[in-house]
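What you are looking at is a predicted structure, and each value in this text was computed from that prediction instead of being measured. Chain A is the first sequence line, chain B the second, and so forth, proteins listed ahead of strands; every chain is numbered from 1.
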Amino acid sequence: MTKNMSVDICGVRLKNPVMTASGTFGSGAEFSEFFDLNRLGAVVTKGVSSVPWEGNPTPRICETPSGMLNAIGLQNAGVEVFSKRDLRFLSDTLLPDSGAGAGSGGILPSTKVIVNVCGHSEEEYIDCVEKLASERRADLLEINISCPNVKEGGIAFGTDPKGVERITSAVRRAARQPVIMKLSPNVTDITEIARAAEAGGADGLSMINTLTGMKIDVERRSFALANRTGGLSGPAIHPVAVRMVYQCAGAVKIPIIGMGGIRTAEDALEMIMAGASAVSVGTASFNDQRTALAVIDGIDEYMERHHVSDIRELTGCVRDWET
Amino acid sequence: MKYTQKAKVLGCETIGKNIYSLRLQADDIAGSAAPGQFVSVYSNDSARMLPRPISVCEADGERGILRLVFRIAGAGTEEFSKLREDDEVRLTGPLGNGFPLGEAARRRVLLVGGGIGIPPMLETAKRLMPEADVRAVLGFRDELFLAEDFPCEVTIATEDGSAGTKGNVLDAIRAQKIEADVIFACGPAVMLRALKKYALEQGIGCWVSMEEKMACGIGACLSCVCRSVQTDEHSQVKNKRVCTEGPVFRSADIEI
Ligand SMILES: Cc1cc2nc3c(=O)[nH]c(=O)nc-3n(C[C@H](O)[C@H](O)[C@H](O)COP(=O)(O)OP(=O)(O)OC[C@H]3O[C@@H](n4cnc5c(N)ncnc54)[C@H](O)[C@@H]3O)c2cc1C
Ligand SMILES: Cc1cc2nc3c(=O)[nH]c(=O)nc-3n(C[C@H](O)[C@H](O)[C@H](O)COP(=O)(O)O)c2cc1C
Ligand code: FES
């Protein structure tokens, strides 16, 4: 059976809908020892800012049931080194689009690069996005708005609809690539934030970032993380993520990249059926470097078994609203 | 080259209170592991997502056998302690840099192990012998383990004085007037801090193996950093990844 697994995200074609979640996959170089990155729909790189960031003190992580808390604090080497080293690596590693379309006779898209961007102020986001404008290897930008906004006293950019609309349109104006806004789940009504991003001109949405949590070490009677709180990720958050993707798919028209606890093809298909056009694998790659590949193969196997000729038939197929 | 492989358990036995010796058939990893490197050991319980970093205690490349020695510290290590012959366990390795054996060639090397930091010093001793002049100082709370496996002269320190010098490893080094050109060490942070100071006073080189919580084990997540004196080339800040630039660092290069 000929199957189409390729999807369109914000005008960019992916060979399949599976990518890696920012911050869990480095620049891809670390994982390239374990599998061929060219099998992925896209590589999403660790958050990068206009200048290097030190991140938080350690311990930065702890394990929780079926998940983990992290407070890395967005440590990164800054956009200049990122461009020179990490994007160079990716452009050397990822093959160009090939004519050998998988049975379809068309073009098989290459693995794309999505660059995740963070900042402490609007100016920092803009500065970073402008420095990436001339990078041909950055196919799409993913803007992490869960960063602390220094001007607003450390409150994340992503929790106030007006702020989200403003930062989205500012980034949209500065960016040369399509812009995906990455939403924080730590809000009362995520559809409000999704609509604000759409109104600001976002080309797509990524969701969800981590859920704020805390762990206490009872033996030491202290916080498990130096930062006290951290972001919960992994299979523990998957049902929350599916619910939020579902809600937002009914609220906006732009494509959604779904993530949060995906470990198996079944988890990914849930996300797709809830309305995601593509998915990211994050924490599960820590348990097995090749998780994203198993998800791709599992989706392929599902399509075969259920005679699905085009993955897009499944996107948002479970719904209760009118189209 | 790093490998992720299923390893077959050859045996798991207790060698001290809550201390286990696990022998694994892990051809790829055992064949390329260097002393001071570690492996990520994955739980068979899907609720425990993160790998447990455990040092290479012995690696027999020819027979493909890896020996890990660990203490039960929580649910993950408790699970590993129950592994039996023919069980399978998933590993990634070898990881990290290992001790700089070249620094020890034809010199007097002092290997210092404290508590559950002792296992990596065993393979280190074996690889350094006989070219280097190797001596080990091992510190225990009370009960000894692994000391008899060392192929070199061993000096013991115990906190309760039940064997060797009463006190810590530095008390033993001073009491025995042990001299060295270079120190390789693994153990609790307090011990490493004291050795860093001692090496500075003596004007000798000192390399220490650091510990930090890890999520990926391969350099991708930045969970496991320690503070460095100089800006690190990879991170562009004063942070080094224990899993990748380490776990072994020159003590003068990092904050302990
Ligand atoms: C490079 C390196 C080498 C090590 N080598 C050995 C060894 O040879 N023998 C040995 O007994 N122990 C070793 N350790 C410590 C060992 O990793 C922990 O004791 C083990 O991870 C505890 O897991 P747990 O599930 O039993 O404990 P839990 O406390 O339940 O673990 C919860 C989480 O915290 C992490 N964690 C807990 N303690 C530590 C620690 N001390 N260091 C890093 N992560 C920790 C676990 O990996 C897990 O993700 C080493 C640690 C590092 C960093
Ligand atoms: C260690 C770690 C680091 C992360 N770093 C970033 C980051 O730099 N930027 C970002 O937008 N999200 C970051 N995330 C969030 C993930 O991209 C993802 O949204 C989240 O973990 C949920 O997916 P998962 O459950 O599959 O991991 C990080 C997550 C983890 C666990
Ligand atoms: S554990 Fe992920 S970078 Fe070291």
Worksheet item: Among Gly28(A), Gly26(A), Ser66(A), which residue forms the greatest number of heavy-atom pairs with chain B at distances under 4.5 Å?
Response: Ser66(A)
Worksheet item: For Thr283(A), is it the side chain, the backbone, both or neither that has a heavy atom under 4.5 Å from a heavy atom of chain B?
Response: both
Item to complete: Compute whether any side-chain donor of one residue and acceptor of the other, for Glu54(A) and Asn239(B), lie under 3.5 angstrom apart.
Response: no
Item to complete: Would you mind checking which part of Met1(B) comes under 4.5 Å of any heavy atom in chain A, side chain (CB onward), backbone (N, CA, C, O), both or neither?
Response: both
Fill in: Per-residue contact mode, Arg85(A) against chain B (heavy atom under 4.5 angstrom)
side chain
Discussion item. Could you check whether any side-chain heavy atom of Val237(B) comes within less than 4.5 Å of a side-chain heavy atom of Trp53(A), counting everything from C-beta outward?
Written reply: no
Worksheet item: How many angstroms lie between NZ in Lys2(B) and CZ in Phe31(A), if you round to the nearest 0.5 Å?
Response: 10.5 Å
Discussion item. Would you say CD of Glu143(B) has more than 12 non-hydrogen atoms from neighbouring residues, nucleotides or ligands within 6.0 angstrom?
Written reply: yes
Worksheet, complete the sentence: CD1 of Ile61(A) to CD of Glu212(B), rounded to nearest 0.5 Å, is 8.0 Å
Worksheet entry | Pairwise distance NE2(His234(B)) to OG(Ser27(A)) - rounded to 0.5 angstrom | 6.5 Å
Worksheet item: More than 12 foreign heavy atoms under 6.0 Å from CD of Glu88(B): is that the case here?
Response: yes
Worksheet item: What is the distance from atom CG of Asn287(A) to atom OG1 of Thr92(B), rounded to the nearest 0.5 Å?
Response: 9.5 Å
Worksheet item: Using a cut-off of under 4.5 Å for heavy-atom pairs, which of Pro51(B), Cys216(B), Ala215(B), Ser43(B) has the most such pairs with chain A?
Response: Ala215(B)
Discussion item. Using heavy-atom distances under 4.5 Å, tell me whether Pro65(A) contacts chain B through its side chain, its backbone, both, or neither.
Written reply: backbone
Worksheet item: Any donor and acceptor pair, going by atom type alone, linking the side chain of Arg263(A) with main-chain N or O of Ser46(B) inside 3.5 Å?
Response: yes
Item to complete: Could you tell me whether the side chain of Arg60(A) and the main chain of Leu222(B) form a donor-acceptor pair under 3.5 Å?
Response: yes
Worksheet item: So how far is it from Ser40(B) OG to Phe286(A) CZ, rounded to the nearest 0.5 Å?
Response: 11.5 Å
Worksheet entry | Residues Glu63(A), Arg52(B); criterion side chain to side chain contact (heavy atoms under 4.5 Å, CB included); working and verdict | CA-CA 11 Å; Glu63(A) 193 182 57; Arg52(B) 272 58 180 164; 2.7 Å; yes
Worksheet entry | Segment of Glu233(B) engaging chain A (4.5 angstrom heavy-atom cut-off) | backbone
Worksheet item: What do you reckon, is CZ of Arg84(B) surrounded by more than 12 foreign heavy atoms closer than 6.0 Å?
Response: yes
Discussion item. I want to check something: taking the side chain as every heavy atom from C-beta on, are Pro235(A) and Met49(B) in contact at a cut-off of under 4.5 Å?
Written reply: yes
Discussion item. At a 4.5 Å cut-off on heavy atoms, which part of Phe25(A) comes close to chain B: side chain, backbone, both, or neither?
Written reply: backbone
Worksheet, complete the sentence: Distance col, row Cys243(B):SG vs Glu30(A):CD, nearest 0.5 angstrom, shows 8.5 Å
Worksheet item: For atom NZ of Lys131(A), is the number of surrounding heavy atoms from other residues, nucleotides or ligands below 6.0 Å larger than 12?
Response: yes
Worksheet item: Where does Asp288(A) contact chain B at under 4.5 Å (heavy atoms): side chain, backbone, both or neither?
Response: both
Worksheet entry | Most chain A-contacting option - heavy-atom pairs closer than 4.5 Å, from Ser223(B), Gly217(B), Gly76(B) | Ser223(B)
Fill in: Close side-chain approach of Ser235(B) to Gln75(A), heavy-atom, < 4.5 Å
yes
Worksheet item: When only pairs under 4.5 Å are counted, which of Asn70(A), Val81(A), Thr24(A), Asn56(A) shares the most heavy-atom pairs with chain B?
Response: Val81(A)
Worksheet item: Less than 4.5 Å apart, any side-chain heavy atom of Arg290(A) and any of Thr4(B)?
Response: no
